[in-house]
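Every heavy atom of this structure was used, including side-chain atoms; hydrogens, water molecules and symmetry mates were not. Sequence lines set the chain letters: A, B, ... in the order given, protein chains first and strands last, and positions in each chain run from 1.
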Amino acid sequence: MSKHEFHPLVKQLLDGDITLADLPPELRAEGDEALRLLAAVDRSPVQLSAVSEHVMQAIAQRPVGSVWRRVMQPRELRLRIRPWLLAPALAIAAALIVFLRTAPTAAPASLVTVRFVLVAPEAHEVSLAGTFNQWDAHATPLIRSGPTGVWTATLTLPAGQHQYAFVVDGVRWVPDPGAPAVDDGFGRRNSVLTL
Amino acid sequence: MIIALLTLPLSLLGMQQTGGGGIAARLAGRVSPEVAALVEELGTAASARGLPVDPLIQKAIEGSAKGVPSARVTAAVRLVVMQLDTAAVALREGGVVTDTLVIAAGEFAITAGLSGHDITALARTGASAQALTVGLRVAGTLSAMGVPPAENIELISTKLRSGQPASDLLLLPARVQAEVARGVTPAQAAAGLERAAAAQSRRGPPPGHGTPPPHPPAPPHP
C-alpha cells in the first residue's frame, strides 16, 4: 500500500471543499493526480452475499443457550382465560402468602426463661407489663410466695430486648429494682431486659 | 393471570409493611382515636423511610396503658421517630446497610443515653447486622447500668471485632453487675472487661469458635 500523503489542500479538494482552480499552481499537478485516482475507484456496491449467508446460518444454528435468552426473546403472547386454571393459581398464590408470611419466623427465635421477682409486702396484687405482652397490666400476674411479700413470675421470652415494669395494685407502675432502667418518655422508668 | 396472582402475595406483603392498615389494627381498642391517627400517619411515613414502626406502636400502647394523656403520648411517639431517624443516619454513616432490627436497637441505645456518634463507632467495627443489633442492645443496657459512653463503646467494639458469638456479648451486663457488686464503678468494670477481651482477642479465639473475620481498623472514638 502506498505511503503517499497528499497535501492538506489536496485533501480538501478531494473532500469537495475547494476546486482545482483554488489550488496554488505548484499543487495543481498533485490535485490532478488525486482526482484521477479518485475517479478510478470502483463505486459498484460490495456484494458479500456469501459472508452474510454464512453469518445468518451460524446464528440460526446457534443453540438458544441460557434461560435468560429464552425469556428475553421477543414472542407473541396470547392470553386465554381458562377458568380451570384459576383454582390452582389461587392455591399457589395462597400458599405463597402463607410461606412468605411465615418464612421470616421460620427460624425459631431462641427462647429464654426468666424469673421476675418483686418484694412488695404491702401489695395486694402485682402484675408484669411490658413489650412482650403489649403493656397489658392484667396479662401477667405475679404470684405471692409466702408471707414475706415476695412476688414472682416465670416467663419464657424470645431472645431480644424487652422493656417492662411491675404494676402494683393495678395503678402503680414500678421499675424492677434489680434491673437496669431507661426513661420511658412519660416521666417514669422502664426496666430493661436483654436476652 | 397466573403471573398476576403469583405477584399478589408480594403486593400484599408490601402493603402490610408500609401501609397504615396494620398499624391501625394493632392500635385498635388500645389507644385513643387521635393517638391512633397520629401513629398511623407517623408510622406510614417512617416505614417509607425504612424505619421500623413497632417502636412507635409500642410507645403509644405503653403510654395509653399507663394512663398518660394523649398529648404526652403523641410527644413520646414523635421522640421515638426522631431517635429512629438519628439511629438510621448514624448506622449509615458507619457503613451499615440498615434493617429495621438494627435501627430499633440503635433507637434503644439512644434512649439509654448513647449518641449517634457512639452508634456510628459501633457500626464501623464491621460487625454483621445481626451482631451489631445485639451489640447495640447490650450497649444500651450497659448505659442504663451506668457505664459511661467511652468505656461502653470501647468494650462493645472490642467484643464485636473479636468475632465472638453474640451470646458472649449478652453476658456482659451480668459481668459488669458482678464487678460492681465487688465494689468497682461501672466504668472500671467495663474497662476491665475490655482489657480482658482485648487480651483474649490477641491470643486468638477460644477453641471451637473459629477464626475471627477480618475487620477494618478501629476509628477513634469521638
| field | Spacing of B:I61 atom CD1 and A:N133 atom CG [to the nearest 0.5 Å] | value | 10.5 Å
| Region of A:L193 that comes under 4.5 Å of a non-hydrogen atom in chain B | neither
| Please walk me through it: do B:E62 and A:Y164 pass side chain to side chain contact (heavy atoms under 4.5 Å, CB included)? | CA-CA 10 Å; B:E62 176 191 347; A:Y164 66 97; over 6 Å; no
| field | B:A76 to A:G185 - nearest heavy-atom pair and separation | value | CB-O, 4.1 Å
| Would one find more than 12 heavy atoms of other residues, nucleotides or ligands at under 6.0 Å from atom CZ of A:R172? | no
| task | Output the distance between atom OG1 (B:T133) and atom CD (A:Q161), rounded to the nearest 0.5 Å. | result | 11.5 Å
| task | State whether the number of non-hydrogen atoms from other residues, nucleotides or ligands found under 6.0 Å of A:E122 atom CD is greater than 12. | result | no
| task | Quick one: closest heavy-atom pair of A:A181 and B:A144, and the distance? | result | O-CB, 3.4 Å
| For B:V73 and A:F186, which heavy atoms make the closest approach, and how far apart are they? | CA-CE2, 3.9 Å
| Between B:K59, B:R30, B:R137, which has the largest tally of heavy atom pairs under 4.5 Å with chain A? | B:R137
| message | Using the rule given for side chain to side chain contact (heavy atoms under 4.5 Å, CB included), can you reason through B:Q58 versus A:Q163, listing the C-alpha separation, both sets of side-chain angles and the distance that settles it, and then say yes or no? | response | CA-CA 10 Å; B:Q58 286 283 351; A:Q163 293 186 33; over 6 Å; no
| message | Tell me which pairs pass salt bridge (Lys or Arg N to Asp or Glu O under 4.0 Å) where either residue lies in residues 176-193 of chain A, with sequence neighbours left out. | response | A:D184-B:K66
| query | Do any of residues 170-181 of chain B come closer than 4.5 Å to chain A, heavy atom to heavy atom, and if so which ones, in number order? | reply | B:L170, B:Q177
